Amino acid sequence: MEEQMDMARLRGLLDSVLAALYTRYTEKELPALCERLGLPPPGAGSTKHERLVASLAACPDGRLPTVADAVLEPEKLGQAERMALQEVLCLGRHHVEIPSRTRRELARDFDLSDHLG
């Protein structure tokens with residue numbers, strides 16, 4: 001049975017990411033940031049953070065995966081944030097199960113040292 005994407009968790013993770021992102025952008029850059037991320041134009045508010053929070057609140061649940069994908073592309077995120085977003089995004093999306101044995105064989109056969117840490 002396929003698991004459903006946890007929209008509440010995804011929205012919470014995106015809220016956390018936006019709380020850090022607002023410090024990287026100026027007031028004038030917020031509309032372009034929201035457009036790039038697929039968020040509605042920044043909402044009303046007296047601070048950049050309030051405006052981004054209002055934009056996220058106005059975003060329908062169905063668009064949240066697209067927003068998360070857009071955040072993952074260019075933004076510098078901590079490893080824990082990136083992994084948490086990717087984990088939530090994977091739920092509910094079609095994927096192929098790869099048996100543990102196959103994963104171990106692939107890991108043994110490929111030199112992945114450049115990609116680990």
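These numbers come from a predicted model, not from an experiment. Quick note: residue numbers are just sequence positions, from 1.
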Evaluate the side-chain contact (heavy atoms from CB on, under 4.5 Å) criterion for residues Glu105 and Arg101: first the C-alpha distance (whole Å), next the side-chain angles of each, then the deciding distance (0.1 Å), finally the verdict. CA-CA 6 Å; Glu105 289 172 358; Arg101 179 179 176 184; 3.1 Å; yes
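- Within the structure, side chain to side chain donor-acceptor pair (under 3.5 Å) contacts touching residues 28-43 (residues at least two apart or in different chains) are Tyr25-Arg36, Thr26-Glu29, Arg36-Glu75.
- Contact detail for Ala19 and Thr23: the closest heavy-atom pair is O-CG2, 4.4 Å.
- Listed by chain and residue number, nothing satisfies the side-chain contact (heavy atoms from CB on, under 4.5 Å) test with Ala54 (two or more places apart in sequence, or in another chain).
- In this structure, CG in Leu13 is found 9.0 Å from CG in Leu89, a value given to the nearest 0.5 Å.
- Here the NZ atom belonging to Lys48 is positioned 11.5 Å from the CZ atom belonging to Arg24, to the nearest 0.5 angstrom.
- Between the side chain of Arg11 and the backbone N or O of Cys59, at least one donor-acceptor pair lies under 3.5 Å.
- Leu56 places a side-chain heavy atom less than 4.5 Å from the side chain of Leu64.
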Evaluate the criterion side-chain contact (heavy atoms from CB on, under 4.5 Å) for residue pair Leu14 and Leu37; output intermediate values, then yes/no. CA-CA 11 Å; Leu14 286 170; Leu37 297 179; over 6 Å; no
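- Atom NZ of Lys76 is separated from atom CG of Leu21 by 12.5 Å, given to the nearest 0.5 angstrom.
- Note: Glu87 CD to Leu85 CG = 10.0 Å, rounded to the nearest 0.5 Å.
- The two atoms that bring Arg63 and Pro40 nearest to each other are NH2-N, 3.9 Å, heavy atoms only.
- With contacts defined as side-chain heavy-atom distances shorter than 4.5 Å, the pair Leu72/Arg82 qualifies.
- Looking at Cys34 and Arg51, their side chains never come closer than 4.5 Å, going by heavy atoms from C-beta outward.
- In the hydrophobic clustering of ILVMFWY residues, with side-chain heavy atoms under 4.5 Å counting as a link, Leu39 and Val53 come out apart.
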